[in-house]
Protein chains: 2
Amino acid sequence: MEQLTPREKEIFDYITRQFEETGYSPSVRDIRAAMGIGSTATVYNYIEKLCDKGYLRKDASKSRSLRPVDDTPVYRVPVIGKVTAGSPIFAYEDNDGFVTFSPEGRRFNSSSLFALKVRGRSMINAGILDGDTVIVERCDVAYNGEIIVALIDDEATVKTFYAEDGKFRLQPENDEYEPIFTDHVRILGKVVASIRYY
Amino acid sequence: MEQLTPREKEIFDYITRQFEETGYSPSVRDIRAAMGIGSTATVYNYIEKLCDKGYLRKDASKSRSLRPVDDTPVYRVPVIGKVTAGSPIFAYEDNDGFVTFSPEGRRFNSSSLFALKVRGRSMINAGILDGDTVIVERCDVAYNGEIIVALIDDEATVKTFYAEDGKFRLQPENDEYEPIFTDHVRILGKVVASIRYY
DNA sequence: TCCGATTATAAACAAATGTTTTTATTATTA
DNA sequence: TAATAATAAAAACATTTGTTTATAATCGGA
């Protein structure tokens, strides 16, 4: 990312801070006043520079449409309550609220994420405890060793996935549990993160 | 929270969605157009209602200053790199970037949070694996059974805390590790959440 | 010393935007 | 049936706001 001049950085920092504090963008004149600048044109030029350099976004002629380009997106992920086979599992209405999740490095299609509260101790050796929240990316294929969410007997379950001899093995990560062998598995998605609150 | 009428909810949902998609608030006329309403006054009344009922915030006479009242705050938490005893541990400069964290239910003083990348397997029985990120709330006291971050030999370590017979026991959650007994412990904070990325 | 980058100003215009006032329809409820 | 809540409109007004144009001071490096 192209370097900012000292003054550009000052102005960028102000915009960012305002955005965080108020929840919306300062206007050109707000910036002018705060930075002790005499003319709106000066500010306007800075804004164009910051946009050109990739630090800001704005929509032309729209008031207060500035926003810092954020490289770590924040997703508001619906927590799915009960999962039932036939029904529209991912209907927006049938959720238990939301969790906020921001990944490291990668990006997701916002609508392809959902979350699940884990019940039971079948994955404790993988560090997924009862009550943990897993963030899941919807997909219908998986590779060996990936932790997935699958639909078993009308219930969503978290297991490690293996394809063997044309069949599937869903492996709990807990010696007290037995693996599930099946010819057919309906994969809801891959676990991309897990969160625990103390 | 006071109930919304059907139409109020439609309008609130539109504002929320716009906010998420564009990063800034729609104007009164944006809403008017999108909702198929003939007059800005109608929209204006709805906005006032939504503010009165506590669903929206706005600043008087400021364009595009609407924002949904968000009850789950999002914290941008600095990831502390190396921790050294005497030095200003929490200096902003010395960090490994940020993680975004939003708690369930409770609120924190934003400046009292920091994050740590866990190294080693000493807490695996508590579901904290090598590479996990723990979110820590700064504090200098703890109660028995709480998972804390303490300073041992100039290094930050995550352990379960116990005070016994006027001494302290820092308990690893892994049978291969021995507890640390000490007369004096410098507590950096309590673990309030842990996050793992796959 | 000249040049370019950085920082800055004044003045005006056009458009977008929030706000007020006054009035009306419809459906529900007492 | 009368009262009330929910929904809606028109028209104007006052500000706020983005944008353009033309001009200038300062400073470091070639």
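Protein chains get the first letters and strands the later ones, always in sequence-line order, with residue 1 at the start of each.
Using a 4.0 Å cut-off, no side-chain N or O of T5(A) falls inside it from OP1 or OP2 of dA5(C). Contact between the side-chain N/O atoms of S61(A) and the OP1/OP2 oxygens of dT17(D) is not found at any separation under 4.0 Å.
Nucleotide dA16(C) holds its C1' atom 14 Å from the CD1 atom of I31(B), rounded to whole Å. dA6(D) atom C1' lies 13 Å from atom CG of L4(B), rounded to whole Å. Taking atom NZ of K49(A) as the reference point, atom C1' of dT6(C) lies 7 Å away to the nearest angstrom. K9(B) has its NZ atom 18 Å from the C1' atom of dT7(D), to the nearest Å. Distance CD (E48(B)) to P (dT20(C)): 7 Å, rounded to an integer number of Å. The CZ-C1' distance, from R64(B) to dT17(D), rounds to 11 Å in whole Å. Protein atom CG of D59(B) is 13 Å distant from nucleotide atom P of dT16(D), rounded to whole Å. Atom CG in L66(B) sits about 10 Å away from atom C1' in dG18(C), given to the nearest Å.
Rounded to the nearest 0.5 angstrom, E173(B) CD and I128(B) CD1 are separated by 8.5 Å. Atom CG in L56(A) sits 5.0 Å away from atom CG in L50(A) (nearest 0.5 Å).
Contact check on D13(A) versus K9(A) returns a salt bridge, with a Lys/Arg side-chain nitrogen under 4.0 Å from an Asp/Glu carboxylate oxygen. Under the 4.0 Å criterion applied to side-chain N and carboxylate O atoms, K53(A) and E8(A) are assigned as salt-bridge partners. Salt bridge annotation for R196(B)-D132(B): present, with a cationic side-chain nitrogen under 4.0 angstrom from a carboxylate oxygen.
Contacts between residues 13-29 of chain A and DNA chain D, defined by a heavy-atom separation under 4.0 Å, are made by S27(A), V28(A), R29(A). For residues 34-44 of chain B, proximity to DNA chain C is found at T40(B), A41(B), Y44(B), defined as any non-hydrogen atom under 4.0 angstrom from a strand atom.
Ring geometry for F161(B) against F168(B) counts as tilted: the plane angle lies between 30° and 60°, on a 0 to 90° scale. Ring geometry for Y55(B) against F12(B) counts as perpendicular: the plane angle is over 60°, on a 0 to 90° scale with 30° as the lower cut. Ring geometry for F101(B) versus Y197(A): interplanar angle of 30 to 60°, hence tilted.
With side-chain heavy atoms closer than 4.5 Å counting as contact, directly or through intermediates, Y177(B) stands alone and belongs to no larger hydrophobic cluster.
The listed nucleotides are dT17(C), dA8(C), dT7(D); the one nearest the side chain of N45(A) is dA8(C). Counting only heavy atoms from C-beta on, S63(B) has its side chain closest to dG18(C) among dG18(C), dT19(C), dA8(D).
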